[in-house]
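Step one of this worksheet: look at the structure below.
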Protein chains: 2
Amino acid sequence: MEHGIANLLGALSLAVVDRIEQGAREVVGRGGETPAALIVIGYGQGMTNDKLRRILGLSHSGTVRLVDRLVSDRLVERRAGKDGREVALHLTASGAASRNELLASRISAVTSLLDVLSAAERKQLARLIRELLARQDTSEMDRFTICRMCDDRVCTNCPLPTSKGQHGH
Amino acid sequence: MEHGIANLLGALSLAVVDRIEQGAREVVGRGGETPAALIVIGYGQGMTNDKLRRILGLSHSGTVRLVDRLVSDRLVERRAGKDGREVALHLTASGAASRNELLASRISAVTSLLDVLSAAERKQLARLIRELLARQDTSEMDRFTICRMCDDRVCTNCPLPTSKGQHGH
DNA sequence: GGTAAATATGTGCGTAGCGCACATATCTGG
DNA sequence: CCAGATATGTGCGCTACGCACATATTTACC
């Protein structure tokens, strides 16, 4: 394998993530996995603390404290889950608004890097990235992790394979 | 502009950076900008604390403390710079070894994502990324920042434009 | 139906990584 | 020779996080 391509993709990815993180910090005033948490909670299938923990790849206590921050910022509410142990995380109105800003900021950051390419080049790039992602060997949790910042208003058909991966239960 | 491509590149970049950071933490036992600092210092044109600060995008004090950590880990030495104010940062033998491990780990992490593509597809992707980077409007400092994790043993001709950007002095 | 294990959450405590404001040393330009 | 610019170091606090432990609920097994 030629290593030049790996170095190029590494450099590009760093630039992309730098810009996304900078925008996210400006929007929510927090760093680390906090912006991703806001997005994940907003996907809205009754997210629990523990599911969130696995998606973000944090420790249990780290996740509890992260949610504490979101609650103290009035972006998230803890409600009772069906299972008496679980906590159901819900966005407040303000949390949903911040989440939308966050998603828009992310798309805008990446777009500003992409718009030097022609429409044809972007299409070609999209096809290649789609193939690359589609062929990865990812568990279900891996997919949620990779997609933890994804814009569900934009990503209609996620290329990540849906077959593998043991369901978490 | 079609936003699907921006979302795809954002997701891929997150996956790439996640894997790079995880490997880096395993190699040097440190997170944040510490691994990048080790790589940047290793480029070896008499790196100073202040240049490092600008490349990493950290505050001044944050950079001093970062170097403190590298020194206490015996990876970096502070020597006298030509200008009596400056500190010249140099890798120790152990620092140079860690840096090589770091670079290898990074290339390996990205390669493991890339190797689902055919050689032809990888070539196409390399061409597109190269174009994308070449057309960015980056200052000299931006380029060092984007390339702060780059493998100088692999990246022979960096696509980033070298014309613009005021030299820092 | 009762108890052990599994599951889910919260807490005390410490650490890593970082920024702000301030202090200090050296260099440069008039 | 002295004011500003440049470069580094420090006191202090804060955010984000992990480990170990405590607690509540549910499930499984007998």
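FYI, side chains are in, hydrogens and waters are out, and symmetry mates aren't considered; it's all heavy atoms of this structure.
- Backbone-only engagement by A:R78 is indicated by non-hydrogen atom pairs under 4.0 Å involving sugar-phosphate atoms exclusively.
- Residue B:S61 has its side chain nearest to C:dC20 when only C:dG17, C:dC20, C:dG12 are considered.
- Nearest to the side-chain atoms of A:L58 among the listed nucleotides D:dA16, D:dG18, D:dG9 stands D:dG18.
- Contacts of A:R85 classified as side chain to side chain donor-acceptor pair (under 3.5 Å), with partners at least two apart in sequence or in another chain: A:D83.
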Q) Please walk me through it: do B:V116 and A:E131 pass side chain to side chain contact (heavy atoms under 4.5 Å, CB included)? A) CA-CA 9 Å; B:V116 298; A:E131 280 302 318; over 6 Å; no

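- Closest to the side chain of B:T48, out of D:dC17, D:dT8, C:dG17, is D:dT8.
- Within the structure, side chain to side chain donor-acceptor pair (under 3.5 Å) contacts touching residues 12-29 of chain A (residues at least two apart or in different chains) are A:D18-B:R148.
- The nearest whole Å value for the distance from the CD atom in A:E21 to the P atom in C:dC18 is 11 Å.
- A:R130 meets the side-chain contact (heavy atoms from CB on, under 4.5 Å) test with A:N157, A:P159, B:L8; sequence neighbours excluded.
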N/O-N/O pairs, protein side and nucleotides 13-16 of chain C side, under 3.5 Å:
{"unit_1": "C:dC13", "atom_1": "N4", "unit_2": "A:R65", "atom_2": "NH1", "d": "3.1"}

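- For A:D142, there are no salt bridge (Lys or Arg N to Asp or Glu O under 4.0 Å) partners, not counting sequence neighbours.
- Listed by chain and number, the residues in a side chain to side chain donor-acceptor pair (under 3.5 Å) with B:Q124 are A:R127 (sequence neighbours excluded).
- Between the base of D:dG18 and the side chain of A:H60 there is no donor-acceptor pair shorter than 3.5 Å.
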List every contact pair, protein side and nucleotides 27-30 of chain C side both N or O, where the distance is under 3.5 Å.
{"unit_1": "C:dC27", "atom_1": "OP1", "unit_2": "B:G84", "atom_2": "N", "d": "2.9"}

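- Comparing the end axes of the helix from C:dG1-D:dC30 to C:dG30-D:dC1, each fitted to five base pairs by superposing C1' atoms of four pairs onto the next four, gives an inter-axis angle of 20° (nearest 10 degrees).
- Partners of A:S118 under the side-chain contact (heavy atoms from CB on, under 4.5 Å) rule, at least two apart in sequence or in another chain, are A:A120, A:E121.
- Atom CZ of A:R153 has more than 12 neighbouring heavy atoms from other residues, nucleotides or ligands inside a 6.0 Å radius.
- The nearest whole Å value for the distance from the CG atom in A:D68 to the P atom in D:dC14 is 17 Å.
- Identified under the salt bridge (Lys or Arg N to Asp or Glu O under 4.0 Å) test for residues 99-109 of chain A, with sequence neighbours left out: A:R99-A:D152.
- Taking B:T34 as the reference, B:R30, B:L66, B:R69, B:L70 meet the side-chain contact (heavy atoms from CB on, under 4.5 Å) condition, with sequence neighbours excluded.
- With sequence neighbours left out, the side-chain contact (heavy atoms from CB on, under 4.5 Å) criterion links B:A6 to A:I107, A:V110, A:T111, A:L114.
- B:T63 comes within 4.0 angstrom of no nucleic acid atom, judged by non-hydrogen atoms across all strands.
- Residue B:V87 is in sugar-phosphate contact alone, with no base atom involved, counting any heavy-atom pair closer than 4.0 Å across all strands shown.
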